[in-house]
Amino acid sequence: MHNRVTASTLALLALLGGCQQQPPANDQLDAVLWTQTSIEHELIYRQVFVSATRQLDVALADPTWDALPLPARNLSGLPPAVVVDIDETLLDNIPLNARDIRNDQPYSYDRWNTWVQQAQAQALPGAAAFLQAAAQRGIQVYYLTNREHGQVADTVKNLRLRGFPISDASQVLAAATPTGQCEKAGYGKNCRRQWVAEHARVLLLVGDSFGDFVQSEANTLSAQRKAAAPYLAWLGQRWFVLPNPTYGNWYSAPYGDQDDLPAARKRELKQQALELQP
């Protein structure tokens, strides 16, 4: 009897082991679904870019207006500019995330590189109209992106296809760009912002990540709040922040940016980061 029970149990375990959840669970499903299907996502983008467009004339009229992080600098003789991120600020790459979810695949740099080469990303609502309004006012646009430096040509192609004003590839400052001797800075944007500061009076910053505005001492909420504190009055005036629930530094912060950890361990650490009471 004991042997028959054991055999039955083993058979049941084998059967259960062969079962897989269909469709498979994915931590990004709801975030991607909201990004692609909610009217709220679209309206937030339109709202932010309409508000940013209204601020262009206000900023142009004030020769002391500067959106770059402190300390204050000499703005005399500097032409006006805006500094914008690209991915999930101007261009929509979330279809790539959606494909990974449908195909039950982890993120792949190879698939990302192919996506960039294909220049398929569409413009996000209101983004092109905002930058066209800036260009019509004689405001230079600098695109600070953490795409690789070798992807600049494909990125310029994609931006032009979607109606973004870009006359020269030098306007795209990618990660580890030699411009301003920023190769060693890697993905940090401070060096590139400082280079822009030498050439322009920056009216507005627009992005979907905290690093698009200022660099914090660490990838923690407390450090970011400390870094943001001097600039809270700039929100909606000089700084325009867009939502990105699908990826970013916040996503990897709970597991210490250790991307090589098993998925189950990452999920465990993300759950532990949840606050259960105020």
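Atoms considered below: every heavy atom in the structure, side chains included; atoms not considered: hydrogens, waters and symmetry mates.
Here the side chain of Lys157 pairs no donor or acceptor atom with the backbone of Ala119 at under 3.5 angstrom. A distance-only check finds a donor-acceptor pair linking the side chain of Tyr231 to the backbone of Leu70 [under 3.5 Å]. A donor-acceptor distance shorter than 3.5 angstrom exists from the side chain of Ser108 to the backbone of Arg111, with no hydrogens or angles considered. Here the side chain of Gln151 pairs a donor or acceptor atom with the backbone of Glu148 at under 3.5 angstrom. Side-chain atoms of Arg137 never come within 3.5 Å of backbone atoms of Asp57 as a donor-acceptor pair (strictly under, hydrogens ignored). Side chain of Gln171 to main chain of Ile166: no donor-acceptor pair is present (N/O by atom type, distance under 3.5 Å, no hydrogens or angles). For Gln224 (side chain) and Ser216 (main-chain N/O), no donor-acceptor pair under 3.5 Å exists by modelled atom type.
Nearest approach of His149 to Ala176, heavy atoms of both residues: CB-O, 4.5 Å. For the residue pair Gly207 and Asp212, the shortest heavy atom distance occurs at CA-OD2, 3.3 Å. Listed here is the closest heavy atom pair of Ala223 and Ala218: CB-O, 3.5 Å. Closest non-hydrogen pair, Leu68 versus Ala197, comes out as CD1-CB, 3.4 Å. Scanning both residues, Gly180 and Cys191, for their nearest heavy atoms gives O-SG, 3.8 Å. In terms of heavy-atom proximity, Lys226 sits nearest to Pro230 at O-CD, 3.7 Å.
Side chains of Leu124 and Thr89 form no contact here, defined as non-hydrogen atoms less than 4.5 Å apart. Counting only heavy atoms from C-beta outward, the side chains of Pro243 and Tyr45 approach each other to under 4.5 Å. With contacts defined as side-chain heavy-atom distances shorter than 4.5 Å, the pair Val82/Val206 does not qualify. Annotation: side chain of His199 is not in contact with side chain of Pro79 (no heavy-atom distance under 4.5 Å).
A continuous path of hydrophobic side-chain contacts links Val141 to Val58 [ILVMFWY only; heavy atoms under 4.5 Å]. Residues Val172 and Phe130 share a single hydrophobic cluster, defined by chaining ILVMFWY side chains whose heavy atoms lie under 4.5 Å apart. In the hydrophobic clustering of ILVMFWY residues, with side-chain heavy atoms under 4.5 Å counting as a link, Leu203 and Val241 come out apart. Connection of Trp115 to Tyr107 is established within a shared hydrophobic cluster, with ILVMFWY side chains joined at heavy-atom distances below 4.5 Å, either directly or through further cluster members. The cluster map of Ile, Leu, Val, Met, Phe, Trp and Tyr, joined by side-chain heavy atoms under 4.5 Å apart, puts Leu131 and Leu60 in the same cluster.
Rounding to the nearest 0.5 Å places CD of Gln28 at 9.0 Å from OG1 of Thr35. With rounding to the nearest 0.5 angstrom, the CD atom of Glu217 is 9.5 Å from the OG atom of Ser222. Asn93 CG to Gln122 CD: the interatomic distance, rounded to the nearest 0.5 Å, is 10.5 Å. Note that the NE2 atom of His41 and the CH2 atom of Trp34 stand 5.5 Å from one another [nearest 0.5 Å]. Rounding to the nearest 0.5 angstrom, the gap separating the CZ atom in Arg238 from the CD atom in Gln55 is 9.5 Å. Note that CG of Leu144 is 5.0 Å distant from CG of Leu173, once rounded to the nearest 0.5 Å.
The side chain to side chain donor-acceptor pair (under 3.5 Å) analysis of residues 239-254, with sequence neighbours excluded, yields the pairs Glu88-Tyr247, Asp208-Asn244, Asn244-Thr246, Tyr251-Lys270, Ser252-Asp257.
Residues Arg201 and Asp66 are not paired through a salt bridge, judged by the lack of any N-O separation under 4.0 Å between the basic side chain and the carboxylate.
Judged by distance alone, the side chains of Thr64 and Asp62 do bring a donor and an acceptor atom under 3.5 Å apart.
Annotation for Arg102: atom CZ does not count as buried by contact number, only 12 or fewer foreign heavy atoms lying within 6.0 Å. Gln181 CD: 12 or fewer foreign heavy atoms inside a 6.0 Å radius.
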key: Check against side chain to side chain contact (heavy atoms under 4.5 Å, CB included), Thr177 and Glu183   = CA-CA 5 Å; Thr177 179; Glu183 298 99 325; over 6 Å; no
task = Would you please test Val83 and Arg192 for side chain to side chain contact (heavy atoms under 4.5 Å, CB included) and show each step?
result = CA-CA 10 Å; Val83 173; Arg192 284 171 278 170; over 6 Å; no
ask   = Please walk me through it: do Leu235 and Phe240 pass side chain to side chain contact (heavy atoms under 4.5 Å, CB included)?
value = CA-CA 6 Å; Leu235 296 174; Phe240 292 84; over 6 Å; no
key: Val202 vs Tyr142, side chain to side chain contact (heavy atoms under 4.5 Å, CB included): CA-CA, chis, key distance, verdict   = CA-CA 10 Å; Val202 178; Tyr142 288 102; over 6 Å; no
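Of the residues Asp85, Asp87, Asp154, the one that meets the salt bridge (charged side-chain N to carboxylate O under 4.0 Å, His left out) test with Arg147 is Asp87.
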